[in-house]
Every structure is written in C-alpha cells, then in structure tokens.
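We use all heavy atoms of the structure for the numbers below, so side chains are in, but hydrogens, waters and symmetry mates are not.
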Amino acid sequence: MSGLSRLMYRLPLFALAVFLCGGNSTPSSFASEAQGITVMGLGSVEAKPSVVELTGVVIGQGQLAGDAVTKFHGNRRRAETAFKNLNIPGLEIVEEGMSLYSSLNASQMQAMMRGMAVNNAESQELSVSETLKLRVTGIDKLSSQELLEVIVRIVDSGKDAGVIIGNDTSPSVPGTYNASKARNTMATFKVTDVEKLKEAAYEQAVKDARTKAEKLAKLTGVKLGKVLSVDGVGDSQKNTAAIYNQIISQYMAATGINQTEEQASTLLKAIPIAVAVRVTYSIE
C-alpha cells in the first residue's frame with residue numbers, strides 16, 4: 001500500500017474519532033496549523049416574555065354530518081363572543097385550521113378495550129373541530145399576578161363556552177395511558193424580538209471567541225493575528241467541514257438554541273437567547 005493510500009485510509013478513522021469525542025463533550029476551540037487558530041465563541045442574553053399563547057379547541061358532534069356542522073357553528077359563535085366580551089387588551093384569536101373526523105361510540109370503545117371485534121356497522125359520531133390560538137401580547141408590562149388573572153379569565157371563559165383549553169391529552173389508543181400526554185400545558189410564553197436579541201448575543205459570542213483564541217495563542221507561544229473568517233452557527237457555509245457541522249448541531253440540540261422568530265417556554269421566566277460563532281484567526 002502506497003503512502004497516499006495509507007493516508008486516505010486513515011483520514012476517515014481520524015474524522016470518526018474526532019466526532020465521537022465531540023459527541024461526549026462540547027468542544028470550545030479547534031486549532032489548525034494551516035489555517036491558524038479556530039475557536040467557537042458562545043453568547044447568551046435573557047429577555048422577559050412579551051406574549052402568552054393558549055390553545056383552544058371548538059368541537060361540534062352529531063350522528064349526522066349536518067348536525068355536527070350545525071353544533072360546531074353554534075359553539076364557534078359562542079366561544080368567539082365569550083372571548084371578545086372579556087375585553088382583554090392585546091387578546092387575539094388566531095384560527096389554526098379545521099378538521100372533520102368520526103369517532104367510536106361508547107359500546108365500540110368498550111369492545112376495543114376488551115380486545116373484542118368492533119362492530120363497524122354501528123353508527124359512529126361525526127365531529128367537526130377547529131383549533132384556536134388565543135394570543136395575548138404586551139404581557140411584559142404586566143406583573144405575574146396580573147398575568148395570572150388574565151390567563152384564568154381566558155381559561156374559565158373558554159370552558160364556560162365549551163372550548164377545550166390546553167394541549168390534547170386524549171390517548172392515541174382509547175383506554176391506554178400515554179405519559180407524554182399526562183400533563184396538560186395551559187399556556188406557552190414567548191419572546192418575539194429574537195433577531196434584535198441575537199445581535200447582543202453575537203457581540204458576546206465574538207468577545208468570547210477572542211478571549212479563547214488569545215488564551216490558545218499564549219499557551220502555544222504564538223501571536224494572534226487578524227480575523228480570517230467568521231461563521232454563524234445558523235449559517236450554511238460551503239467551506240465548513242461536515243464533521244464540524246455535526247458538532248455544531250449537537251451543541252445546538254444540547255443547549256436548546258432555536259432558529260425561529262419566536263423563542264417559547266412553558267415557564268413564566270426570562271427566556272435565554274443563545275448563539276455561537278466560529279472565528280478563525282491568523283498566526284503571526
């Protein structure tokens with residue numbers, strides 16, 4: 001085997017070893033004799049949520065499709081009126097879409113839970129449902145007690161109007177227990193101005209990268225030069241090695257970095273906005 005062949009054989013093994021090591025611990029810096037010193041800088045800022053969202057489901061059921069639609073429209077009008085009468089500043093009702101489906105009746109569900117054959121000849125209930133997103137903006141100006149009172153008013157008003165508030169807790173299979181649906185999340189809190197917050201986080205990340213690079217340069221006895229390249233974690237760089245992209249993806253998953261315009265949390269507390277940058281410095 002020639003020297004070039006042996007080198008090509010060893011390269012994949014070396015890349016695999018780097019990847020496996022990166023999977024167990026998040027690397028903060030990388031060094032390359034050819035390109036200089038490459039480090040990953042991390043930055044994070046926190047912001048108070050400005051939006052709260054609740055999910056409501058309006059349902060109309062009947063043995064006939066016409067009856068189900070009629071009941072649905074009645075429940076829909078009653079729910080919309082109930083929420084508007086609350087006169088809550090910043091409350092918006094967003095339509096998430098409708099669905100039409102049939103469900104088993106009581107005797108059919110009992111037969112299924114007992115492992116018996118289900119008689120499909122029996123009539124099934126038809127259901128028309130619509131998911132509503134109840135969104136309240138400007139909650140960052142409210143105290144915790146004021147916000148809690150607003151949420152309670154929405155939940156109570158929705159229940160009185162026949163709206164199911166919260167996530168879907170019904171099991172996929174009737175009569176079974178699903179631990180992931182055992183907890184009914186009533187509200188989700190969101191930070192909306194994520195892009196502006198990311199700018200401040202990126203400033204921290206760049207400073208963090210500079211600090212790490214200076215430490216590496218001092219430890220290795222070299223002088224840090226100018227910046228050769230800067231890559232954002234969310235960017236798709238053609239020149240970024242695939243192995244590095246895998247490590248970055250692992251870091252983002254572990255730290256919960258979100259690339260959407262809004263950052264959400266089920267907890268009423270300051271929400272962190274985290275970013276990472278890869279900076280390469282020359283060596284003088």
Side-chain angles (χ1 to χ4, degrees), residues 3 6-50 140 190-265 267 269-284:
R6 286 194 296 270
L7 177 60
M8 295 300 293
Y9 175 76
R10 292 174 181 173
L11 278 177
L13 297 179
F14 172 75
L16 179 60
V18 173
F19 174 72
L20 292 177
C21 292
N24 295 327
S25 59
T26 303
S28 61
S29 60
F30 300 87
S32 172
E33 295 180 359
Q35 298 181 357
I37 296 179
T38 301
V39 294
M40 186 167 69
L42 310 178
S44 177
V45 296
E46 292 186 344
K48 186 178 179 181
S50 58
D140 51 324
K190 293 185 174 183
V191 171
T192 56
D193 199 4
V194 173
E195 289 303 320
K196 186 176 181 180
L197 294 169
K198 278 185 178 181
E199 293 181 7
Y202 273 122
E203 291 183 8
Q204 293 186 9
V206 171
K207 291 179 181 178
D208 182 50
R210 180 78 187 186
T211 300
K212 292 175 180 177
E214 289 175 346
K215 289 181 179 179
L216 282 176
K218 184 178 180 180
L219 289 172
T220 54
V222 297
K223 183 179 179 181
L224 200 65
K226 63 180 182 179
V227 175
L228 297 178
S229 66
V230 180
D231 297 341
V233 166
D235 298 333
S236 177
Q237 301 292 337
K238 293 182 180 179
N239 295 329
T240 301
I243 186 68
Y244 188 83
N245 283 335
Q246 290 175 324
I247 295 174
I248 288 296
S249 299
Q250 290 177 349
Y251 165 76
M252 293 174 64
T255 56
I257 296 178
N258 196 333
Q259 298 295 309
T260 61
E261 296 180 356
E262 296 182 342
Q263 193 88 342
S265 174
L267 301 177
K269 57 182 294 187
I271 299 176
I273 309 297
V275 298
V277 295
R278 189 184 70 157
V279 184
T280 300
Y281 296 88
S282 63
I283 296 176
E284 297 180 355

List the steps, then state whether side chain to side chain contact (heavy atoms under 4.5 Å, CB included) holds for Gln204 with Val45. CA-CA 9 Å; Gln204 293 186 9; Val45 296; 3.7 Å; yes
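By the 4.5 Å heavy-atom criterion applied to side chains, Lys212 and Asp208 are counted as neighbours. Counting heavy atoms from C-beta outward, Pro49 and Lys190 have side chains that stay 4.5 Å or more apart. Contact annotation: the side chain of Thr280 never approaches that of Ile37 to less than 4.5 Å [non-hydrogen atoms, C-beta and beyond]. Using a 4.5 Å heavy-atom cutoff, the side chains of Leu197 and Glu199 are not in contact. Contact check for Thr38 versus Val279: no side-chain heavy atoms found under the 4.5 Å cut-off. In this structure, the side chains of Glu284 and Leu224 stay at 4.5 Å or more apart for every pair of heavy atoms. Counting heavy atoms from C-beta on, the side chains of Tyr202 and Val277 come closer than 4.5 Å.
Residues that satisfy the side-chain contact (heavy atoms from CB on, under 4.5 Å) test with Thr192, not counting sequence neighbours, are Ser50, Val51, Arg135, Glu262. The side-chain contact (heavy atoms from CB on, under 4.5 Å) check on Glu46 picks up Ala270, Pro272, with sequence neighbours excluded. Among residues two or more places apart in sequence or in another chain, the salt bridge (Lys or Arg N to Asp or Glu O under 4.0 Å) test is passed with Glu214 by Arg210.
Nearest heavy-atom pair, Lys198 versus Val275, reported as atom, atom and distance to 0.1 Å: CG-CG1, 4.0 Å. Across all their heavy atoms, Gly43 and Ala205 have their closest contact at N-CB, 3.7 Å. Val39 and Ala209 make their closest contact through CG2-O, 3.3 Å (heavy atoms, listed as atom of the first residue, atom of the second, distance).
Counting heavy atoms of neighbouring residues, nucleotides and ligands inside a 6.0 Å radius, atom NZ of Lys196 does not exceed 12 of them.
A distance of 10.0 Å separates CD of Glu195 from CD1 of Ile273, quoted to the nearest 0.5 Å.
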